[in-house]
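Atoms within each ligand, like the ligands themselves, are counted from 1 in listed order. Basis for what follows: all heavy atoms, side chains included, without hydrogens, waters or symmetry-related copies. If you read the sequence from its start, that first residue is 1, and numbering goes on from there.
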Amino acid sequence: MMQRERWLKNGYADEPIAPDTDLKSAIETWKKEKNAVILAHYYQTGDIQDIADFVGDSLALAQWAARTTADIIVLCGVHFMGETVKILCPDKKVLVPDLNAGCSLADSCPADRFAEFVEAHPDHTVISYVNTTAAVKAVTDVVVTSTNARQIVDSFPLEEKIIFGPDRNLGNYINSITGRKMLLWDGACHVHEQFSVEKILALKQQYPAAVVLAHPECKSTVLALADVVGSTSALLNYAVKSDQQQFIVATESGILHEMQKRCPDKEFIPAPPNDSTCACNECSFMRLNTMEKLYNCLKYEFPDIEVDPQIAEKAVRPIHRMLEISEELGL
Ligand code: 13P
Ligand code: SF4
């Protein structure tokens, strides 16, 4: 099999790396030589977060990408994040270390079925979470992330008929705090859905002073136990500013790296999943990216994200709308 054919089949460049390679310094060298930047989501492993030029949540990654003058953007996160960056920066090369890094939430919303749902409700405004494919964004009026979802929903009159997809937990949460009755798509994230209420309750007994931080992709029974509900960056900012010392964190455990780095004297306890035999509070998709794959991805400039130009032309509008509203709101 030809080399490129094999890479395409694997979803990443699987070239062997000499065992004595200093991955960090080689990555720094490729970056300078190629005018590349590395953006990483908080759910990446610590080594990838540490070498990134910027680490952030879904909104901040999109905002950062929209501003950069780099020729190459390496998005260390999952596929929909790479797509969002490519749609915003069509003339740049956008790389992800492993194309197999998908998202169970995006997968729970197939574009053809979502388009039928939208067509069946022509009088509804369509608000989609950023965790969607480009094809879903193409039939969307405005994209949101967990950082701006509530404010963007609130920017519409209370009587506006709204379809919100694909995350039923985030949608239910916004309905509950705004008194709206948005029509929800029935999707979910496999990581955030599996936090155990019983185990969080047990942790609260063990650490009675701990603050429970939860991402709105968690089930309502978990959110009911939380002291703070917010996006990854909102939870991080809360922990940094808080004068409390202990935090139980119900979101993907990669965020603990930045929390611990910014608050070395505080204690962060990852909320456990239902199944104690697995590391299910780690996103298996996010963790497909490794330093080795990042090195090869920069070296061979593969795999790069492509988005059908006709879909991109439609999908860019709701993403720009999100960025504009977020700027107006100072987010
Ligand atoms: P945020 O970082 O925007 O809160 O998103 C969480 C998430 O699940 C990303 O995949
Ligand atoms: Fe998707 Fe969930 Fe992984 Fe985020 S944590 S990328 S929503 S599967």
Participant: Would you mind finding which of Cys283, Ser284, Ala101 brings a heavy atom closest to atom 3 (Fe) of ligand 2?
Facilitator: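 Nearest heavy atom to atom 3 (Fe) of ligand 2 lies in Cys283.
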
Participant: Taking the minimum heavy-atom distance to atom 1 (P) of ligand 1, which of Ser146, Ser104, Gly77, Ser231 ranks first?
Facilitator: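 When every heavy atom of Ser146, Ser104, Gly77, Ser231 is considered, Ser146 comes closest to atom 1 (P) of ligand 1.
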
Participant: Counting heavy atoms only, which part of Tyr43 comes closer than 4.0 Å to ligand 1: side chain, backbone, both or neither?
Facilitator: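 It is the side chain that touches ligand 1; the backbone stays farther off.
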
Participant: Taking the six-membered ring where the residue is Trp, are the ring centres of Trp185 and Phe117 under 6.0 Å apart?
Facilitator: yes

Participant: Just which atoms of ligand 1 are under 4.0 Å from any heavy atom in His41?
Facilitator: 1 (P), 2 (O), 5 (O), 9 (C)

Participant: Go through ligand 2 atom by atom and flag the ones less than 4.0 Å from a non-hydrogen atom of His190.
Facilitator: 8 (S)

Participant: Are more than 12 heavy atoms, taken from residues, nucleotides or ligands other than Lys261, located less than 6.0 Å from that residue's NZ atom?
Facilitator: yes

Participant: Identify, by atom number and element, the atoms of ligand 1 in contact range of Met81, meaning under 4.0 Å from any of its heavy atoms.
Facilitator: 9 (C), 10 (O)

Participant: Checking a contact table here: which protein heavy atom is nearest atom 1 (Fe) of ligand 2, and how many Å away?
Facilitator: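 Residue, atom and distance for the closest contact: Cys103 SG, 2.4 Å.
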
Participant: Can you tell me the protein heavy atom closest to atom 10 (O) of ligand 1 and the distance?
Facilitator: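 Scanning the protein heavy atoms, the shortest distance from atom 10 (O) of ligand 1 goes to Asn131 ND2, 3.4 Å.
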
Participant: Do me a favour and list the nearest non-hydrogen protein atom to atom 8 (O) of ligand 1 with residue, atom name and distance?
Facilitator: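 For atom 8 (O) of ligand 1, the nearest protein heavy atom is Glu217 OE2, 3.1 Å.
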
Participant: What do you reckon, does Thr232 have a nitrogen or oxygen under 3.5 Å from a nitrogen or oxygen of ligand 1?
Facilitator: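 The answer is yes, given that Thr232 and ligand 1 share an N or O pair closer than 3.5 Å.
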
Participant: Count the heavy atoms belonging to other residues, nucleotides or ligands that lie under 6.0 Å from CD of Glu267, then report whether that count exceeds 12.
Facilitator: yes

Participant: So, the side chain of Ser231 versus the backbone of Ala234: is there a donor-acceptor pair under 3.5 Å, distance only?
Facilitator: yes

Participant: Apply the side chain to side chain donor-acceptor pair (under 3.5 Å) test between Asp14 and each candidate in Lys9, Gln3, Arg6, Lys293; give the one that qualifies.
Facilitator: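 Of the listed residues Lys9, Gln3, Arg6, Lys293, the side chain to side chain donor-acceptor pair (under 3.5 Å) partner of Asp14 is Arg6.
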
Participant: Could you establish whether Glu252 and ligand 1 come within less than 4.0 Å of each other, counting only heavy atoms on the residue side?
Facilitator: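 Per 4.0 Å heavy-atom rule, Glu252 does not contact ligand 1.
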
Participant: Do any N or O atoms from the side chain of Lys266 and from the backbone of Ser242 form a donor-acceptor pair under 3.5 angstrom?
Facilitator: yes

Participant: Is the distance between the ring centroids of His215 and Tyr173 under 6.0 Å?
Facilitator: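 No.
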
Participant: In terms of residue, atom name and distance, what is the protein heavy atom nearest to atom 7 (S) of ligand 2?
Facilitator: Asn131 ND2, 3.1 Å

Participant: So which heavy atom on Val222 is nearest to which on Phe195, and how close?
Facilitator: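 In terms of heavy atoms, the two residues are closest at CG2-O, 3.7 Å.
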
Participant: For ligand 2, which atoms, with element, lie under 4.0 Å from some heavy atom of Cys189?
Facilitator: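 Selected atoms, number and element: 2 (Fe), 5 (S), 7 (S), 8 (S).
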
Participant: Before giving the answer on salt bridge (charged side-chain N to carboxylate O under 4.0 Å, His left out), spell out for Asp141 and Arg317 the whole-Å C-alpha distance, their side-chain angles and the decisive distance to 0.1 Å.
Facilitator: CA-CA 8 Å; Asp141 295 304; Arg317 290 180 218 147; over 6 Å; no

Participant: Which residue and atom name correspond to the protein heavy atom nearest atom 8 (S) of ligand 2, and how close is it?
Facilitator: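 Going by distance alone, atom 8 (S) of ligand 2 is nearest to Ser104 OG, 3.3 Å.
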
Participant: May I ask you to identify the nearest protein heavy atom to atom 3 (O) of ligand 1, giving residue, atom name and distance to one decimal place in Å?
Facilitator: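 Ranking protein heavy atoms by distance from atom 3 (O) of ligand 1, first comes Ser58 OG, 2.8 Å.
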
Participant: So, Gln63 side chain and Leu323 main chain: donor-acceptor pair closer than 3.5 Å or not?
Facilitator: no

Participant: Asp57 heavy atoms, cut-off 4.0 Å: which ligand 1 atoms fall inside?
Facilitator: 1 (P), 2 (O), 3 (O)

Participant: I'd like to check which ligand 1 atoms, numbered from 1 as shown, lie under 4.0 Å from a non-hydrogen atom of His215.
Facilitator: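 Near His215, meaning under 4.0 Å from one of its heavy atoms, ligand 1 has 1 (P), 4 (O), 5 (O), 6 (C).
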
Participant: Show me which atoms of ligand 2 lie under 4.0 Å from any heavy atom of Glu217.
Facilitator: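 That gives atoms 7 (S) of ligand 2.
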
Participant: Between Arg168 (side chain only) and Lys219 (backbone N and O only), is there a donor and an acceptor less than 3.5 Å apart?
Facilitator: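 Pair absent, no side-chain N/O of Arg168 close to backbone of Lys219.
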
